[in-house]
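For the numbers below, each heavy atom of this structure counts, side chains included, while hydrogens, waters and symmetry mates do not. Please read all numbers here as calculations on a predicted model, not as lab measurements. Residue numbers begin at 1 in each chain, while the letters A, B, ... track the order of the sequences.
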2 protein chains.
Amino acid sequence: MNLGKPVWRATRSAIQKLLSKDEALLRDNTELQASALVKQSDVTMHLPAQVGDYTDFYCSREHATNVGIMFRGKDNALQPNWLHIPVGYHGRASSLVVSGTNLHRPAGQRVTPPSKTPFFAPSAKLDFELEVGWFVGQGNPLGKRIDVADAKDHIFGLVLVNDWSARDIQAWEYVPLGPFLGKNFGTTISPWIVTLDALEEFLVDGPAQTEPAPLKYLQENKKSAYDIDLEVQIKPNQSAKFERVTLSNLKYMYWSVTQQLAHHTVNGCNMRVGDMGATGTISGPEKENFGSLLELSWNGTQKIGFQEAKEERTFLQDGDEVNMTAYKDSPAGYRIGFGDCRGKILPCLYENDA
Amino acid sequence: MNLGKPVWRATRSAIQKLLSKDEALLRDNTELQASALVKQSDVTMHLPAQVGDYTDFYCSREHATNVGIMFRGKDNALQPNWLHIPVGYHGRASSLVVSGTNLHRPAGQRVTPPSKTPFFAPSAKLDFELEVGWFVGQGNPLGKRIDVADAKDHIFGLVLVNDWSARDIQAWEYVPLGPFLGKNFGTTISPWIVTLDALEEFLVDGPAQTEPAPLKYLQENKKSAYDIDLEVQIKPNQSAKFERVTLSNLKYMYWSVTQQLAHHTVNGCNMRVGDMGATGTISGPEKENFGSLLELSWNGTQKIGFQEAKEERTFLQDGDEVNMTAYKDSPAGYRIGFGDCRGKILPCLYENDA
Ligand SMILES: [Ca+2]
Ligand SMILES: [Ca+2]
Ligand SMILES: [Mg+2]
Ligand SMILES: [Mg+2]
Ligand code: NI
């Protein structure tokens, strides 16, 4: 990955050629196939890179608006900076885990509003966040920024991200320095990185950025959104079947991944190969496109139904399993996929242990 | 460092013995001295460990109160969670640099209140923050917490930290997800780690924690504050001399480093060897103990004078050099020291380049 874009491209071409139906080398050699190709089901997936730093953004206008309406009301839904800045904060790299890793429900301090006296308990508002992550494939030295026009050459590719969130822990802790223990108990990603080159044909125009226009260092004059379907399914603890709870799309995102990277480095902050950014929860315009249970249940006030399981949820229960997938069918007839981004909630290890 | 406390202790004892005046082996062998001892001035210092994740806390009551009064007024100075939680947020590990590294002034989005329309410019409110960092020497697996009673065995030792801060960038960006580009352009630490064992004799009682008492997982029943003087000196750009601007003390801190670690892991967040925490700005009760220019200049409204340099400052100018030191004289007559934590501000590379 740290060899740079020319090597990424040459490697992709070589693999494409080897797998092509017009190329006899592998196609006609069953012995070579047996040694060169390994079944996914026969291997253990690991994180695709060693992540030095992980930054989580907040780049879906629909998501930020939904959260704003819930907590501040319709008239002040978006903060004054939101349409000027791809708002982001530092996440925790140590607790990034690969798809299939199950996580214990976190415990922590929380309050029952309007009380401001905390108690210690397992989170009762455990949530997923549907996000897409981008991996840095070429860094920048401390002090130098990455121009938005060059940002694409610095991004190796994308993964799916589930930014598990404990809403009650987060709500009590996050003023004034941001989310911390409500997030860093675990963040799940899909096991392989889909290169930006492989996604070129799904490039589309993102939402218009005219009111206001962004500052110059964030202005892009080419397509930078990706039309990729994003789906979340949940298998409730008593059920044997995953059922869809949301269908969103990466193209809904207001700030592009290249704008996120340009903003992140505009102060000279250095990126290292393997660093990861994540988009923030990607919600679309309709309720069926919302990327978190916080939004789908409108902070716990509306139940989400499951047909097969005959169950209802507001937030996640122990034993619930969440899976995210991303895919798009190309006009040429093939489907690109991101693999699974899956995890089950195990019971809290510290029930009443204040 | 990852071999654990028994090995830290045995190594420290062995070195102490070798350097003792009662031990002939090194004392009487000038040839061995010449090969075993290297002058500090002959070596290049590097970061003492590879830092996986860096977390910055906000644990000085005086600092949080000062900032609160400036931005919210006297009656709401402390946020409701502050006396219950060692408030913290994730920092950036990639831009941690060792003492002596000079940093370019960052540029970024800022506003001139009450305007809410940002412009792009170099930071005009560049500041230092006087902090102490702690290094994790023994980690914990994801999902398991570190009990506050055991936390000391997980901390290898302490360093000095200058958490450089661009107050104007921070003020515009930080709502609602916390500080980001106002901080991650660089964080300087002193080059060697002073082990907790070496600081045992400076243990004292910290501030009383009775109104309110912390939740059980944060309760400590032994001394956990350290009486160590912390000094900041500035050499203004036109001057040849460092002059003291503040003298604080680690003992002022409300939440101990062991409480910080226990809180950080109470949700199951995993620590890895080499991870770093920092205390947050350590201010004392009087103005001469304040740990940042934000407080010393009361957000730019009061000038800070320099006698030798015949200059005044509110925030840092290009060419200004900041140095932090920490020391304590032991009753036995020796002084423990942390070395320098030093850095100079270089001009911004992107003056008007919006
Ligand atoms: Ca998120
Ligand atoms: Ca700080
Ligand atoms: Mg997370
Ligand atoms: Mg910093
Ligand atoms: Ni330079």
Side-chain angles (χ1 to χ4, degrees), chain A residues 52-53 55-56 58 79-81 84-85 87-95 97 103-104 106-109 116-120 142-145 166 169 172-182 184-186 212 215-217 263-264 266-272 275 346 349-350 353-354, chain B residues 52-53 55-56 58 79-81 84-85 87-95 97 103-104 106-109 116-120 142-145 166 169 172-182 184-186 212 215-217 263-264 266-272 275 346 349-350 353-354:
Chain A
D53 279 289
T55 295
D56 195 20
Y58 187 54
Q79 298 283 1
N81 58 13
H84 298 283
I85 289 182
V87 170
Y89 66 103
H90 300 122
R92 178 93 190 165
S94 73
S95 52
V97 296
L103 295 169
H104 289 278
Q109 289 195 31
K116 295 199 189 300
T117 301
F119 57 96
F120 186 91
L142 187 62
K144 296 284 176 72
R145 68 195 207 185
I169 296 173
W172 172 235
E173 75 179 355
Y174 89 105
V175 176
L177 300 182
F180 184 50
L181 301 188
N184 63 18
F185 58 91
L215 287 174
K216 206 175 104 202
Y217 79 92
H263 181 67
H264 202 322
V266 77
N267 68 341
C269 180
N270 59 322
M271 295 284 140
R272 296 177 294 189
D275 287 348
L346 305 177
L349 292 174
Y350 305 95
D353 195 8
Chain B
D53 280 289
T55 295
D56 195 20
Y58 187 55
Q79 299 283 359
N81 57 13
H84 299 281
I85 288 183
V87 171
Y89 66 103
H90 299 122
R92 178 94 191 165
S94 72
S95 53
V97 296
L103 295 169
H104 290 276
Q109 289 196 30
K116 295 200 188 301
T117 301
F119 57 96
F120 185 92
L142 187 63
K144 296 284 176 73
R145 70 194 205 185
I169 296 173
W172 172 236
E173 76 180 353
Y174 89 105
V175 175
L177 300 182
F180 183 50
L181 301 189
N184 64 18
F185 57 91
L215 288 175
K216 205 176 106 200
Y217 78 91
H263 181 66
H264 202 322
V266 77
N267 68 340
C269 179
N270 59 324
M271 296 283 141
R272 297 177 293 189
D275 286 348
L346 304 177
L349 292 174
Y350 304 95
D353 195 9

Handout entry: Residue selection (most heavy-atom pairs with chain B, distance under 4.5 Å) from Pro212(A), Pro176(A), Pro118(A), Pro179(A)
Key = Pro118(A)
Exercise for the section: Below 4.5 Å from any heavy atom of chain A, which atoms of Asp275(B) appear? Answer side chain, backbone, both or neither. Expected result: side chain
Exercise for the section: Would you check if the distance from the ring center of Tyr217(A) to the ring center of Phe120(B) is below 6.0 Å? Expected result: yes
Exercise for the section: Return the option, out of Val175(B), Val87(B), Leu177(B), with the maximum number of heavy-atom pairs under 4.5 Å with chain A. Expected result: Leu177(B)
Problem - Structural part of Glu173(B) lying under 4.5 Å from a heavy atom of chain A - result: both
Exercise for the section: With the side chain counted from C-beta on, respond yes when His264(A) and Asn184(B) share a heavy-atom pair under 4.5 Å apart, and no when they do not. Expected result: yes
Handout entry: Proximal component of Ile169(B), with respect to chain A [non-hydrogen, under 4.5 Å]
Key = neither
Exercise for the section: Look only at the side chain of Asn270(A) and the backbone of Ser94(B), and say whether a donor-acceptor pair between them is shorter than 3.5 Å. Expected result: yes
Fill in the blank from the handout: Scanning both residues in full, the closest heavy-atom pair of His84(B) with Lys116(A) reads NE2-O, 4.0 Å
Exercise for the section: Rounded to the nearest 0.5 Å, what's the gap from OG1 on Thr55(A) to NE2 on His90(B)? Could you check? Expected result: 11.0 Å
Exercise for the section: With a 4.5 Å cut-off on heavy-atom pairs, point out which of Tyr58(B), Tyr174(B), Trp172(B) contacts chain A the most. Expected result: Trp172(B)
Handout entry: Options Pro106(B), Gly268(B), Pro80(B), ranked by heavy-atom pairs under 4.5 Å with chain A, top entry
Key = Pro80(B)
Handout entry: Minimum side-chain heavy-atom gap Gln109(A)-Val266(B) below 4.5 Å
Key = no
Practice task
Find out whether His263(B) and Leu181(A) are in side-chain contact, i.e. whether some heavy atom of one side chain is under 4.5 Å from a heavy atom of the other.
Solution key: yes
Handout entry: For chain B, the option from Gly91(A), Ala166(A), Gly108(A) that forms the most heavy-atom pairs under 4.5 Å
Key = Gly91(A)
Problem - Backbone of Arg145(A) reached by a side-chain donor or acceptor of Tyr350(B) within 3.5 Å - result: yes
Problem - Minimum side-chain heavy-atom gap Asn267(B)-Phe180(A) below 4.5 Å - result: no
Completion exercise
If you tally heavy-atom pairs under 4.5 Å between each of Ala107(A), Gly52(A), Gly88(A), Gly143(A) and chain B, the highest tally belongs to Gly88(A)
